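Below: the structure, in structure tokens.
Worth saying up front: this structure is predicted, and the values here are computed from it rather than measured.
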Amino acid sequence: MKSVEAILEESTEKLKSLSLQQQQQQEGDNGDSSKSTEASDFENIESPLNEIDSSASAENRELDNQIQVSDPENLQSEERSDSDVNNDRSTSSVDSDILSSSHSSDTLCNVDNAPLPLANGLDSHSITSSRRSKANQGKKETWDTAEEDSGTDSEYDESGKSRGEAQYMYFKSEPYTAEEGSGEGQKWLMVHVDKRITLSAFKQYLEPFVGVPSSHFKVFRVYASNQEFESVRLNETLSSFSDDNKITIRLGRALKKGEYRVKVYQLLVNEPEPCKFLLDAVFAKGMTVRQSKEELLPQLREQCGLDLTIDRFRLRKKTWKNPGTVFLDYHIYEEDINISSNWEVFLEILDGVEKMKSMSQLAVLSRRWRPSEMKLDSFQEVVLESSSVEELKEKLSEISGIPLENIEFAKGRGTFPCDISILEIHQDLDWNPKVSTLNVWPLYICDDGAVIFYRDKTEELMELTDEQRNELMKKESSRLQKTGHRVTYSPRKEKALKIYLDGAPNKDLTQD
């Protein structure tokens, strides 16, 4: 065991070593402070790199100050959403032959630069005018190509000015002499125009040449077949037009929004030509049929010489030459009746009071066939309350006097008036179909205007001599050819055709 003295010595030595360590630590701290002073002196020595860093930091501080004092609206415009940026770009497509040079990527225009001339006579400022107007309103200025501004989906820009008028102002006209024999007595004008211009702006440019405001003349596009169709959508561009397209200008009130030009034809069911053109009228969305009839009365009197009252005629659907749905006075266009541009309707003069009062009724045109006399009677309208075959036979019996049990009927074929040779009608039509309603096969009568032939089944067919048959055939051929119907009747007798198999004359191998 250690003695007390030895333990005291060890304790004393430990205390000395601890004191020495504390002293060394204090000296070390003093040395570090001097070193840091020397390091700071070293860092203060100027060098090229330090100059660059200090100048860059100064510029950054100056830029920060500028940003802080700049207009907050400009700062806000930098943070636009993607949808705002997309709205600056037009989306309508334009044919590539409109601008040959301006659609190339080489034609870049800064909104603040001077106009750059383009190959088609336009300049860069006319192409980027809408973008420049937006930049003046505090929006972001950008570089753009002409292709980005090649069209627009909206008729008006943010300032309310027509885009067609603001951007695409190129219009050049020159005298034109038509070829001999074409368009005699008409004035011709050759026009060079930007195809992205709207119809509204195009008509305004034509006003000095026509001599009347744009609302008082109509523009018709002429196709290769010389068919003319009126252009009525004022916010549409001329992008579908091509070089050498022809346009016809006619005086008359141009259509307003929601209006449609309608061709009115007279339905003459018992005339050789049952469809006769009367006039062009204007119907509007939300107008009732009765209101359109009231507007037609003075026009019919002045232009067609028809002095009618509003209850003396009806309007009905026209599908090619076929009369269709009867329009009732309380029907509203675009709600109860679909209407479109270049629409056509039938005007039918009534012999008496209008019988059609409800859409549940069905109006068919009936025609009696008299086989004993070889002739057809005139058309008579039959109004049904339902689609029942029994009701149809009852109505036919009432107007003809034929007993109900002897009524036979058949549906007409083809377009109105469903002409057929009287030499064929007795055998060729599908008489007395085995159905109970009219709206099923083989009739499918679901709308007004269907043609029904009917007869007395007890009436015998007239016997004709060869001379009578030949004479009647010539008359029918002439009549049907005038109306465009094909004649299939042949007066020659049919002969049996013998077919031999493998050339064998054996009767067992032949078929008649």
So Phe217 and Leu206, side-chain contact (heavy atoms from CB on, under 4.5 Å) or not? Walk me through it.
-> CA-CA 10 Å; Phe217 66 85; Leu206 292 176; 4.2 Å; yes

Would you call the rings of Phe327 and Trp343 parallel, tilted or perpendicular if under 30° counts as parallel and over 60° as perpendicular?
-> parallel

Give the ring-plane orientation class for Tyr176 versus Trp188, where under 30° counts as parallel, over 60° as perpendicular and anything between as tilted.
-> tilted

Heavy-atom pair of closest approach, residues [X] and [Y]:
X      : Y      : answer
Tyr330 : Lys357 : OH-O, 3.9 Å
Cys304 : Leu278 : SG-O, 3.7 Å
Leu365 : Gly449 : CD1-O, 4.3 Å
Val383 : Glu381 : CG2-OE1, 4.0 Å
Ser372 : Met462 : O-CB, 3.4 Å
Val222 : Asn226 : CG1-CA, 4.1 Å

Min side-chain heavy-atom separation [X]-[Y] under 4.5 Å:
X      : Y      : result
Phe379 : Val451 : yes
Ile247 : Phe241 : yes
Leu376 : Ile425 : yes
Arg316 : Leu267 : yes
Glu354 : Asp311 : no
Trp431 : Phe453 : yes
Cys275 : Gln266 : no
Leu308 : Leu300 : yes

Should the pair [X]-[Y] be classified as a salt bridge under the 4.0 Å nitrogen-to-oxygen rule?
X      : Y      : value
Glu348 : Lys317 : no
Glu344 : Lys263 : no
Glu459 : Arg370 : no
Glu228 : Arg221 : no
Arg253 : Glu259 : yes
Lys195 : Asp243 : no

Separation between [atom1] of [X] and [atom2] of [Y], rounded to the nearest 0.5 Å:
X      : Y      : atom1 : atom2 : result
Glu302 : Leu279 : CD    : CG    : 10.5 Å
Leu350 : Phe313 : CG    : CZ    : 9.0 Å
Ile332 : Arg290 : CD1   : CZ    : 14.5 Å
Ser231 : Leu199 : OG    : CG    : 6.0 Å
Arg455 : Ile407 : CZ    : CD1   : 11.0 Å
His192 : Ser173 : NE2   : OG    : 9.0 Å

Restricting to pairs with a member in residues 443-454, which pass side-chain hydrogen bond (donor to acceptor under 3.5 Å, both in side chains), not counting sequence neighbours?
-> Thr325-Asp447

Please report the C-alpha distance between Glu295 and Met287 in whole Å, then the side-chain angles of each, then the deciding distance to 0.1 Å, and finally whether the side-chain contact (heavy atoms from CB on, under 4.5 Å) criterion is met.
-> CA-CA 11 Å; Glu295 292 192 3; Met287 177 187 289; 3.6 Å; yes

Is a donor on one side and an acceptor on the other found under 3.5 Å between the side chain of [X] and the backbone of [Y]?
X      : Y      : result
Glu476 : Ile422 : yes
Glu424 : Ile420 : no
Lys293 : Ile310 : yes
Ser366 : Gln380 : yes
Asn439 : Ile445 : no
Arg261 : Val282 : no
Thr288 : Gln291 : yes
Glu271 : Glu273 : no
Glu391 : Ser387 : no
Thr319 : Asn322 : no

Tell me whether the count of non-hydrogen atoms from other residues, nucleotides or ligands lying under 6.0 Å of [atom1] in [X] goes above 12.
X      : atom1 : value
Glu463 : CD    : no
Arg233 : CZ    : no
Glu460 : CD    : no
Met359 : CE    : no

For Thr465, all residues meeting side-chain contact (heavy atoms from CB on, under 4.5 Å), sequence neighbours excluded | Glu467, Gln468

May I ask you to check whether Phe283 and Tyr333 place their ring centers less than 6.0 Å from one another?
-> yes

Aromatic ring proximity Tyr205/Tyr170, centre distance under 6.0 Å = no

Looking at Gln204, Glu207, Lys203, which one forms a side-chain hydrogen bond (donor to acceptor under 3.5 Å, both in side chains) with Ser214?
-> Glu207

Verify the distance criterion only: is there a donor paired with an acceptor across the side chains of Ser386 and Ser388 at less than 3.5 Å?
-> no

Give a yes-or-no answer on whether the side chains of Ser200 and Thr198 include a donor-acceptor pair shorter than 3.5 Å.
-> no

When you look at Met374 and Leu472, which way does the side-chain contact (heavy atoms from CB on, under 4.5 Å) test go after all the steps?
-> CA-CA 10 Å; Met374 297 294 287; Leu472 190 57; 4.0 Å; yes

Is the Lys NZ or Arg CZ of Lys318 less than 6.0 Å from the centre of Phe346's six-membered ring, within 45° of the axis?
-> yes

What donor-acceptor contacts under 3.5 angstrom involve side-chain atoms of residues 395-404, with partners at least two apart or in another chain?
unit_1: Ser397; atom_1: OG; unit_2: Ile402; atom_2: O; d: 2.5
unit_1: Ser400; atom_1: OG; unit_2: Leu396; atom_2: O; d: 2.6
unit_1: Ser400; atom_1: OG; unit_2: Ile402; atom_2: N; d: 3.3

Arg479 and Asp419: salt bridge (charged side-chain N to carboxylate O under 4.0 Å, His left out), yes or no, with the steps?
-> CA-CA 10 Å; Arg479 181 180 69 87; Asp419 271 332; 3.4 Å; yes

